[in-house]
Amino acid sequence: MKTDFIPIDYDYFDFEGRNYVKIIGRDSKGKRVCVIDSCPVYLWAILEDKIGKEKMNKIIGDVKKIEVESRGRKTQVEKVEIHDKNFLGEKVKALKIFATNYKDLHDIADYLNIEGIKKRRGYDLGFISHYIIEKNFLPLNWYEISGEMLNNSFEFGGIDAALNVDLCIKVDKIKKIDEKKFSPRVIAYDIEADDFKIGEGEILMVSLVSNTGINKVITWKGHDSKKLGYVEYVKDEAELLERFVSEIKKSSPDFLVGYFSDGFDLPYLKARAEKHKVSLSLGIDGSQPRFYRGRIPTGKINGIVHVDLLRFIQTAYSQYMQSETLSLDEVANEFLGERKKNFKFKHSSKISKEEWKNFFEYNLHDSVLALKLFEKFWPDLFEFTRIMQEPLFDVSRNGMSNNVEDYILHNLKKFNEIPEKKPIHEEISERRNMEKYEGAFVFEPIPGLYENIVVFDFTSSYGSTIVTYNLSKSTFLEKPEKNSHNIEILGKKVYFSKIPGFFPEMLKEIIEKRKKYKRELKEKPDAVKTARSNAYKLLANASYGYQGFFGARYYCREAAAATAAFARKAIKDSIKKIDSEGYKTIYSDTDSIAFLMNDKKESEVLNFLEKLNSELPGIMELELEGFFKRGIWVTKRSGVLGAKKKYALIEKNNRLKIRGFETVRRDWCNLARNVQNQVLKFVLEDGNDKMALEYVKGIINKVKKREVNREDLIIRTQLKKPISEYKAISPHVIAAKKMQEREIPISMGNLVEYYVAETKGKEKKLVRDRVKLLDEKGNYDVKYYLEHQILPAVENILQVFNIEPKEIIDGKKQTKLGDF
DNA sequence: GACTGAACTATACC
DNA sequence: ACGGGTATAGTTCAGTC
């Protein structure tokens, strides 16, 4: 039996004490294929240096005797080989110890605590990762496989009969072949329920939308409403659950996609199914979803990849997004230019006939958006999976540190390197308690309006620093060495070998690939190249954070601190050169430098950039970020010092680049943000402070006359922890408490919305005493919005032109006092 | 009770 | 627990006079 095959999802099972992988995928005709395979199971024992032959034989003899019996299973050492390997920059002799069951490797490692064995490694990768590395059978790559077809066979206890697949093959040979087209079958889903707490309300409806023609809402509510083609009515919630399961079974998708479905939809379905004693048997083996408790619970379905798009967007995209929240509404708007439908939530008992129709549409449209988002991100999910070489299920949920680590583990083979172990609990807390090291350099700007500004920045600044100076755990030298890279951190010199380490080498390749794909992208753009280039960019950028991350296998604080130190040195050196060339640096943060052109031509600047680059060490490189017409830097609120991380630039085509200002902060009301944005525009477009001032005066009057819509006065603040844990009761905490009292769902992570109102009777001093929810009646507090929102937003900008807006407010107020 | 600096908190930059 | 450090700024809290 021979077929082509693309692996999508990996799982494993035990049979007669041994581990087998069960890989679900497709052939090129779209048939669903299950592949069963196994691989050698082993761990490494690194031997002490200079061990004699006799001693080695004794160790091997002892190791061979090891047997572990646990969980009704017997695992034994089946074979021992001696290998020359690398481990963290050293050449070592290591025993490759083969055993019966991967899950017992940890126990076997415990028995290896014997003299002559220095370290035990390679038992904590997880069997799936171990298998993928061992067999090089990579997710979302095409293979030609051959083997024995299982058809109602008794092998593995009759596993094939229980699986809802077209083919089940016990694989024998695997051969990589050229790329073929792969169009996955995808169903997006979304539920609506009466309570936001998992399982505490009834599920009213569920929508299913697929790229294979499904487009429906299943509901047991609103029978009386006008009949809609896409609505399927069932008799009760239990039947809804059954229909949901059968619909998915029938369609047999590769991916089941939701938005926040790890945290809401899937656990809700599970909880309600349990209540009704309905089996939520979505798995292709008929199994129910399994939930893994982590920081965020994760829902896994056997054979169907459950994707929660929110989690992928969080790690892969959020840092580059404009959206202020990651709500489906905002995210869909940003990526698809399409919003959710309008529907105001209320309890199902209060929904009228007409409203049910809107509710169904709302529900259906959420799935439509989820499917469209999946299609939008499919190239990214695909590339991430292929680059990290882990199943899409995991890659789509991993944070970037996990992705970096996966990339490393799957590329160690080329370096003949034994994998480092995960840090244990004590090690983690020890690392977390470490003192912070010095990070990036930020230049203190002189407040003012500037013209003709150039911005340079280092490409993959920290990444190229790591590569240039070979900074990593395996190249870190405990003792000073002469021919080494060295730099001072926290008053102590640290040294790194000049012999290339695997981590910097891998990173070098990542950066090179990123450059290559970026170049190709420029020539002929397409979604795949964009995704590929983006994935390598993210990897390169995350590698610095990875080495400083306490949970990393290849954690190296010295390397992280040295990276920041070398980068500081590089940028300071560049600033010196820029200034001595006749330019003037006005600002710099981490990897970028803004400076004045001082009557020089753009061509001169570009030539100078080339000169700078020729003098930079290693692969470090500056690039032109842009030429800007004007830019403004302001003082800090207190004092006269220039504020860092707060500036606005304008390009020749009048495109604004605003950083740090209230305009870009979501916890300021829209009025203040919009006013500030306008003022920046006036000031930067043609340096017109008079217009800006008149504009501000107009707004102040509008506020005083109470002509501002409440919508523009809403302050939104995120609840970052449970309400009870707050030590300081700030306005947004009060707002959240008010919501709780009124049983409006509110929990950690939500944005709290409120406005500040005038209160009658005795003067309330604290802001929190004047907080009102949006539907609470009240007059907005003019004084608060003028002095705590508008004024702070424009004050520092106008001060650059020697205008004191405070006087305008106060002056006007004198004349208006009589009004009160 | 007013004032002041520290603590707490949220958010942004790179 | 699920990259890092640098930075601004508002509001409350707690201590002082």
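Proteins get letters first, then strands, A, B, ... in listed order; numbering begins at 1 in each. Owing to the predicted nature of the structure, the values given are computational and were not obtained by experimental measurement. Reckoned from all heavy atoms, side chains included, excluding hydrogens, waters and symmetry mates.
- A salt bridge links A:Asp667 to A:Arg665: one of the charged nitrogens lies within less than 4.0 Å of a carboxylate oxygen.
- Judged purely by distance below 3.5 Å, without hydrogens or angles, the side chains of A:Glu623 and A:Thr459 never pair a donor atom with an acceptor atom.
- Rounded to whole Å, atom C1' of C:dC2 lies 16 Å from atom CZ of A:Arg293.
- In the model, A:Glu390 has a side-chain atom that pairs as donor or acceptor with a side-chain atom of A:Ser129 under 3.5 Å.
- Partners of A:Arg630 by side-chain hydrogen bond (donor to acceptor under 3.5 Å, both in side chains), not counting sequence neighbours, listed by chain and number: A:Glu451.
- If you check C:dC13, C:dA9, C:dG5 against the side chain of A:Asn796, the one that comes closest is C:dA9.
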* Structure fact -> Scoring nucleotides 7-14 of chain B by protein non-hydrogen atoms under 4.0 Å (B base, S sugar-phosphate only, - none) yields -SSBBSBS
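- Every residue meeting the ring-ring contact (aromatic ring centres under 6.0 Å, His included) condition with A:Tyr554, not counting sequence neighbours, appears here in chain and number order: A:Phe502.
- As rounded to whole Å, 6 Å separates atom C1' of C:dA1 from atom CZ of A:Phe549.
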* Check the pair A:Thr468 / A:Phe566 against side chain to side chain contact (heavy atoms under 4.5 Å, CB included), numbers first and verdict last. => CA-CA 10 Å; A:Thr468 297; A:Phe566 275 118; over 6 Å; no
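- Residues A:Asn534 and A:Tyr320 have side chains that never bring a donor and an acceptor to within less than 3.5 angstrom of each other.
- Across all strands, A:Gly545 comes closer than 4.0 Å to base atoms (heavy-atom distances).
- DNA chain C is contacted by no residue of residues 503-510 of chain A, taking any non-hydrogen atom closer than 4.0 Å.
- A:Ser261 and A:Val307 get closest at one heavy-atom pair: OG-O, 3.8 Å.
- One side chain, A:Asp406 or A:Asn398, offers a donor N or O that lies under 3.5 Å from an acceptor on the other.
- In this structure, A:Arg290 forms no cation-pi arrangement with A:Tyr292, as its terminal cationic atom is not both closer than 6.0 Å to the ring centre and no more than 45° off the ring axis.
- End-to-end axis angle of the helix from B:dG1-C:dC17 to B:dC14-C:dG4, using five pairs per end and rounding to 10°, comes to 10°.
- Scanning for ring-ring contact (aromatic ring centres under 6.0 Å, His included) contacts around A:Phe312 gives A:Phe384, with sequence neighbours left out.
- Phosphate contact (OP1/OP2 of C:dC2, side-chain N/O of A:Arg311, threshold under 4.0 Å): absent.
- Geometrically, A:Lys737 does not engage A:Tyr726 in a cation-pi contact defined by less than 6.0 Å to the ring centre and at most 45° from the axis.
- Residues from residues 552-568 of chain A that place a heavy atom under 4.0 Å from any atom of DNA chain B: there are none.
- Remark: C1' of C:dT11 and CD of A:Gln789 are 12 Å apart, rounded to the nearest angstrom.
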Polar atoms only, N or O, under 3.5 Å: list the protein pairs with nucleotides 14-17 of chain C and their distances.
none

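- Between A:Lys644 atom NZ and C:dG5 atom C1' there is a gap of 13 Å when expressed in whole angstrom units.
- Counting non-hydrogen atoms under 4.0 angstrom, A:Lys436 reaches a base of the nucleic acid.
- Distance, A:Leu766 CG to B:dA2 P: 12 Å, rounded to whole Å.
- Using a 4.0 Å heavy-atom criterion, one finds that A:Glu438 contacts the sugar-phosphate atoms exclusively.
- Checking C:dG3, C:dG10, C:dT11 against the side-chain heavy atoms of A:Ala542 singles out C:dG3 as nearest.
- Remark: C1' of C:dT8 and CH2 of A:Trp668 are 11 Å apart, rounded to the nearest angstrom.
- At a threshold of 4.0 angstrom between heavy atoms, the contacts of A:Gly548 are confined to the sugar-phosphate backbone, with no base atom among them.
- The gap from the P atom of C:dC2 to that of B:dA10 amounts to 16 Å, rounded to the nearest Å.
- Within the structure, every pair that satisfies the salt bridge (charged side-chain N to carboxylate O under 4.0 Å, His left out) test and touches residues 713-723 of chain A, not counting sequence neighbours, is listed here: A:Glu711-A:Arg716, A:Arg716-A:Glu753.
- The separation between A:Arg431 atom CZ and C:dG4 atom P is 12 Å, rounded to whole Å.
- For A:Phe628 and A:Tyr450, the ring centers sit 6.0 Å or farther from each other.
- Between the P atom of C:dG10 and the CD atom of A:Glu662 lies a distance of 7 Å, rounded to the nearest Å.
- Judged as a ring-ring contact (aromatic ring centres under 6.0 Å, His included), and not counting sequence neighbours, the contacts of A:His130 are A:Tyr42, A:Tyr102.
- Looking at which nucleotide of DNA chain C each of A:Phe441 and A:Asn541 is closest to, the 5′-most match is held by A:Asn541.
- Applying the salt bridge (charged side-chain N to carboxylate O under 4.0 Å, His left out) definition to pairs two or more places apart or across chains, those involving residues 668-681 of chain A are A:Glu324-A:Arg673.
- A:Phe476 pairs by the ring-ring contact (aromatic ring centres under 6.0 Å, His included) definition with A:Phe496, not counting sequence neighbours.
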